[in-house]
There are 2 protein chains.
Amino acid sequence: MERSKAQPYHHGQLREALVTSGRALLEEKGIRGFTLRECARRAGVSHAAPAYHFASIDDLLAELAARGFDELAVAMTTEANRAEGGAAGGLIGQGVGYMAFAAGNPALFQLMSSREANRLDTPALAAAADKVRALHAAAVEAVIPHASGEIKQRMADFTGASVHGFISLLLDGQIGGKDSSRALKARGLSLLSAMAETVVRAGG
Amino acid sequence: MERSKAQPYHHGQLREALVTSGRALLEEKGIRGFTLRECARRAGVSHAAPAYHFASIDDLLAELAARGFDELAVAMTTEANRAEGGAAGGLIGQGVGYMAFAAGNPALFQLMSSREANRLDTPALAAAADKVRALHAAAVEAVIPHASGEIKQRMADFTGASVHGFISLLLDGQIGGKDSSRALKARGLSLLSAMAETVVRAGG
DNA sequence: GCTTCATCTTGACGATGGAAAGAGGCAGAA
DNA sequence: TTCTGCCTCTTTCCATCGTCAAGATGAAGC
């Protein structure tokens, strides 16, 4: 069969291409609309080609989730570094990065947030999620370095739950149904600053 | 074909049977492992029988989610009524009911929490979710009846996000990985009481 | 008893995830 | 250079899925 130069027999970058097309497909069709064959189609290969790179569709989803956590970590770090206000500002910045990532990649974020319900579990995914958690714990630690371990953990629970819960409910339409994007950002920032204040108080 | 008395041609309660088997299947196999045909099999009917009662598989999932919200509302109300400590105790009770329901029905809860990602949207589902939200708003209102509308809303955001975020992260293994069930309950209660205290302070 | 009609079954269609077998092309050995 | 082996991709096949269309069943009203 004739083959154009754009689609040689050996793709060469198929794994990356599948991750890219898969991520787009996930956001377009949602978790339940995601199919391996459509990913392959968009990457320009046959439906069985992905098998060599991903053992199963769940393996590809797990890879997408793992890369999502990597990217989430970058977003959190970037915003934390840009923020002013010392350690507390850094913690708020992490929250901003977290929410911005979730808002920008809602379906991927939901996949990451419900990998248990979707039965996804690979070492790479666990490690990527661990890294995000460590980043968050370090930010809390920086705000209240002299507090007890228990208080630090409680504050990490509290801040993590607040940020994750707020953006999750928002993306799911449970809060702020008719508010403007601008107003929602203000509500998010308000939540973040109140949250940071609570942590600071807990450290004193 | 011969038919046992247990499986007459007309099931009679098929809709209810499908909801029951579907709910069990959801918890067993997760959202991505859920199939309409398996629901029908467990209900003892042919694979096409559900079509008369549910327009599509998404329609059945939406029904499961809607009933989940109904049940969640009952759990919240029951715990709130049982709680002591006035309005603040009631708010805490709602949180206890919320977490208990989520912990007892993790897959269903995740379905309810990501219906956007799963593209589920029916009037009954929206109404059931609204009722839960109204219940929560009323509990906050009862704690700080004299506060401004903005503060009430902010406190509802805050408490909703805290409770939802905590139990979501917990069910997904993001927090409390190796802790005992007892310790986790304590952490949850600690979070709830701190949360209620924050609301009370916001009202003064 | 007969009709009617909601309910359920059977059978079919296209699509999916996955396995098996074979073709294509690159890279190292001769 | 040519040959050989292996990694990659295609083709073909299978069981299963959701959904549709057509037919069978039986309860309820006449």
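Convention: sequence-line order gives letters A, B, ...; per-chain numbering from 1.
- In this structure, Phe109(A) has its ring center under 6.0 Å from that of Tyr98(A).
- Rounded to whole Å, the distance from CG on Leu14(A) to C1' on dT10(D) is 12 Å.
- A side-chain donor-acceptor contact under 3.5 Å links Arg133(A) to the backbone of Gln174(B).
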* **Check against side-chain hydrogen bond (donor to acceptor under 3.5 Å, both in side chains), His136(B) and Thr159(B)** => CA-CA 9 Å; His136(B) 175 223; Thr159(B) 54; 2.7 Å; yes
Pick out the pairs of N or O atoms, protein on one side and nucleotides 17-20 of chain C on the other, that lie under 3.5 Å.
| unit_1 | atom_1 | unit_2 | atom_2 | d |
| --- | --- | --- | --- | --- |
| dG17(C) | OP1 | Leu36(A) | N | 2.6 |
| dG17(C) | OP2 | Leu36(A) | N | 3.2 |
| dG17(C) | OP2 | Arg37(A) | N | 2.9 |
| dG17(C) | N7 | Arg37(A) | NH1 | 2.3 |
| dG17(C) | O6 | Arg37(A) | NH1 | 3.3 |
| dG18(C) | OP2 | Ile57(A) | N | 3.0 |
| dG18(C) | O6 | His47(A) | NE2 | 3.1 |

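- Partners of Glu71(A) by side chain to side chain donor-acceptor pair (under 3.5 Å), not counting sequence neighbours, listed by chain and number: Arg23(A).
- Residues satisfying the side chain to side chain donor-acceptor pair (under 3.5 Å) criterion with Ser162(A), sequence neighbours excluded, are absent altogether.
- Taking atom CD on Gln13(A) and atom P on dC9(D), their separation rounds to 10 Å, with Å as the unit.
- Counting non-hydrogen atoms under 4.0 angstrom, Arg41(A) reaches the backbone sugars and phosphates but no base.
- Judged by distance alone, with hydrogens and angles left aside, the side-chain atoms of Ser114(A) form a donor-acceptor pair with the main-chain N or O of Gln110(A) at under 3.5 Å.
- When the side chain to side chain donor-acceptor pair (under 3.5 Å) test is applied to Glu16(B), the partners found at least two apart in sequence or on another chain are Arg67(B).
- Rounded to an integer number of Å, the gap from NE2 of His53(B) to P of dT19(D) is 15 Å.
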* Structure fact -> Encoded 5' to 3' (Watson-Crick or G-U under 3.5 Å; [ ] crossing; | other strand), DNA chain D becomes ||||||||||||||||||||||||||||||
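- Every residue meeting the side chain to side chain donor-acceptor pair (under 3.5 Å) condition with Arg41(A), not counting sequence neighbours, appears here in chain and number order: Glu38(A).
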